[in-house]
Visitor: 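One structure coming up, written as structure tokens, with questions to follow.
Numbers here are sequence positions counted from 1. Hydrogens, waters and symmetry mates play no part in the numbers below; they use all other heavy atoms, side chains included.
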Amino acid sequence: MNNFTLSLLFLVTSFPLAAQDPRQIIIEVRQRSHSDSEKYEGALQVIESKGKVADKRWTYDRIGSHGNSKAIIRFTSPAEVKGVALLIVNHPDRASDQWMWTPALNRDRRIALQDRSTRFFGTDFSFEDLEERDVDQYDYTYKGEEVIDGESCWKIESKPHAGQRSQYTSSMLWVRKSNYTYTVIENYKEVKLIRRLKYRDMENVQGIWTARTLEMEDISRKSRTILKLDSLKYNAPLQENQFTLEAIRR
């Protein structure tokens, strides 16, 4: 093996192709987390700026894959929100369609695009934060590498394509190099940081590295919501007829 071959080998192994193409990194993130369905029971703690804590629980069911899926989130406690449900229909080429069912009012309503930035029933997740969007709805820029919580990460900026509706003008994504999972996502409106989402307690569940704890921080409110995923299952036997307006009214 001559010196030229050794030099070329060094370049290839030192600078992975994926690291030169941020879109390919995000595609790999999606591929490694792919499942045909997902379900879990979520335990939430909403921690307000003055330290007040509210506990909530919901169930989450999804059928389909990233950017082409349907999901239902249904609160199971406390009593004042029990039964409230959100149906999310994700599309590969545009923002999701969303409907919310409120048992106390015995009616459902469509969540308009201009309302997607509001908090989802007292949590620090907005309605938009609960949807899935396809990789092709964004432009990506590679911003280098950083160490987050001891993990070497790729840093990638994403911006919605022109014409895509979003409350955020850009997001900064940190992706663990070890297993292609997110560690932090920061969402911005122009230069102002709006929300920060942290992915913690990583666990290999059915071959998919998964954060069992998510923490969403609302920067302006100085509040945060901690979501723990219990009874998590991938590729569970779910049916399309479970993801309709009629289904969330039951």
Visitor: Are any non-hydrogen side-chain atoms of R196 and I219 less than 4.5 angstrom apart?
Guide: yes

Visitor: Is there side-chain contact between R165 and P160, with heavy atoms separated by less than 4.5 Å?
Guide: no

Visitor: What do you reckon, are the aromatic ring centroids of W154 and Y180 less than 6.0 Å apart?
Guide: yes

Visitor: On the 0 to 90° scale, with breaks at 30° and 60°, tag the F75-F121 ring pair as parallel, tilted or perpendicular.
Guide: tilted

Visitor: Any sub-3.5 Å donor-acceptor pair from T244's side-chain atoms to A247's backbone N or O?
Guide: yes

Visitor: Apply side-chain contact (heavy atoms from CB on, under 4.5 Å) to S35 and N235, showing your working.
Guide: CA-CA 6 Å; S35 65; N235 298 314; 3.7 Å; yes

Visitor: If every non-hydrogen atom of R30 is compared with every non-hydrogen atom of D134, which pair is closest and at what distance?
Guide: NH1-CA, 4.2 Å

Visitor: Does some side-chain heavy atom of Y140 sit less than 4.5 Å from a side-chain heavy atom of V135?
Guide: yes

Visitor: Should M100 and V81 be counted in the same cluster of Ile, Leu, Val, Met, Phe, Trp and Tyr side chains packed under 4.5 Å apart?
Guide: yes

Visitor: Side chains of V175 and T181: closer than 4.5 Å at any heavy-atom pair?
Guide: no

Visitor: Using only heavy-atom distances, determine whether the side chains of Y234 and T210 contain a donor-acceptor pair under 3.5 Å.
Guide: yes

Visitor: Atom CG in L197, atom CZ in R224: separation rounded to 0.5 Å?
Guide: 13.5 Å

Visitor: Are any of the side-chain heavy atoms of E41 and R57 separated by less than 4.5 Å?
Guide: yes

Visitor: Pair E145, S152 - check side-chain contact (heavy atoms from CB on, under 4.5 Å), show working.
Guide: CA-CA 7 Å; E145 300 180 13; S152 182; 4.2 Å; yes

Visitor: Any side-chain donor paired with an acceptor under 3.5 Å for W174 and E146?
Guide: yes

Visitor: Any non-hydrogen side-chain atom of V84 less than 4.5 Å from a side-chain atom of W101?
Guide: no

Visitor: If you look at every heavy atom in K189 and I194, which pair is closest and at what distance?
Guide: N-CG1, 3.7 Å

Visitor: With a 4.5 Å limit on heavy-atom distance, are the side chains of Y199 and I185 in contact?
Guide: yes

Visitor: Check L227 against G42 and note the closest heavy-atom contact, atom names and distance.
Guide: CD1-CA, 3.8 Å

Visitor: Would you say L229 ends up clustered with V46 if hydrophobic residues are merged whenever their side chains have heavy atoms under 4.5 Å apart, either directly or through other cluster members?
Guide: no

Visitor: Any chance you could measure R107, atom CZ, to R249, atom CZ, to the nearest 0.5 Å?
Guide: 12.0 Å

Visitor: Is any side-chain heavy atom of L232 closer than 4.5 Å to a side-chain heavy atom of R212?
Guide: yes

Visitor: Do R221 and E48 meet the salt-bridge criterion of a basic N to acidic O distance under 4.0 Å?
Guide: yes

Visitor: Please report the interatomic distance CG(L87) to CZ(R110), rounded to the nearest 0.5 Å.
Guide: 10.0 Å

Visitor: So how far is it from R62 CZ to I88 CD1, rounded to the nearest 0.5 Å?
Guide: 11.5 Å

Visitor: Could you check Q137, H161, E128, K159 and say which one makes a side-chain hydrogen bond (donor to acceptor under 3.5 Å, both in side chains) with S166?
Guide: E128

Visitor: Does the side-chain contact (heavy atoms from CB on, under 4.5 Å) test come out yes or no for R109 and W99, once each step is laid out?
Guide: CA-CA 5 Å; R109 70 178 178 93; W99 293 267; over 6 Å; no

Visitor: Rounded to the nearest 0.5 Å, what separation is found between the NZ atom of K233 and the CD atom of Q206?
Guide: 8.5 Å

Visitor: Take atom NZ of K56 as the centre, draw a 6.0 Å sphere, and report whether it contains more than 12 heavy atoms from other residues, nucleotides or ligands.
Guide: yes

Visitor: Would you list the atom pairs, donor with acceptor, under 3.5 Å between side chains in residues 64-71 and any protein atom, with sequence neighbours excluded?
Guide:
from: H66; atom 1: NE2; to: S33; atom 2: OG; distance (Å): 3.0
from: S69; atom 1: OG; to: N90; atom 2: ND2; distance (Å): 3.0
from: S69; atom 1: OG; to: E132; atom 2: OE1; distance (Å): 2.9
from: K70; atom 1: NZ; to: E240; atom 2: OE1; distance (Å): 3.1

Visitor: Do side-chain atoms of Q164 reach the backbone of D93 as a donor and acceptor pair under 3.5 angstrom?
Guide: yes

Visitor: How far does CD1 of I26 sit from CD1 of I156, to the nearest 0.5 angstrom?
Guide: 4.0 Å

Visitor: In terms of heavy-atom contacts, does CG of D136 have more than 12 from other residues, nucleotides or ligands at under 6.0 Å?
Guide: yes

Visitor: Stepwise, does the side-chain contact (heavy atoms from CB on, under 4.5 Å) test hold for E186 with Y188?
Guide: CA-CA 7 Å; E186 291 185 343; Y188 292 82; 2.6 Å; yes

Visitor: Quick check on side-chain hydrogen bond (donor to acceptor under 3.5 Å, both in side chains): which of D124, T123, D218 does T225 satisfy it with?
Guide: D124

Visitor: Within a 6.0 Å radius of atom CD on Q114, are there more than 12 heavy atoms belonging to other residues, nucleotides or ligands?
Guide: yes

Visitor: Whether D97 and R94 form a salt bridge (side-chain N of Lys/Arg under 4.0 Å from carboxylate O of Asp/Glu) is what I want to check.
Guide: yes

Visitor: S126 pairs by side chain to side chain contact (heavy atoms under 4.5 Å, CB included) with which of R195, R119, E131?
Guide: R195

Visitor: Give me the atom names and distance for the closest heavy-atom approach of Q167 to D129.
Guide: NE2-OD1, 4.4 Å

Visitor: Taking the six-membered ring for Trp, are F120 and F127 parallel (under 30°), tilted (30 to 60°) or perpendicular (over 60°)?
Guide: perpendicular

Visitor: What residues, two or more places apart in sequence or in another chain, satisfy side-chain contact (heavy atoms from CB on, under 4.5 Å) together with T213?
Guide: R200, D201, I226, K228

Visitor: Report yes or no: do L173 and M216 belong to one cluster of Ile/Leu/Val/Met/Phe/Trp/Tyr joined by side chain heavy-atom distances under 4.5 Å?
Guide: yes

Visitor: Should Y138 and Y182 be regarded as members of a common hydrophobic cluster, given that ILVMFWY residues are connected when their side-chain heavy atoms come within less than 4.5 Å of each other, either directly or indirectly?
Guide: yes

Visitor: I need the minimum non-hydrogen distance between A95 and L113, along with the two atoms involved.
Guide: CB-CD2, 3.7 Å

Visitor: State plainly whether one hydrophobic cluster holds both L86 and W58, where clusters connect Ile, Leu, Val, Met, Phe, Trp and Tyr through side-chain heavy atoms under 4.5 angstrom apart.
Guide: yes

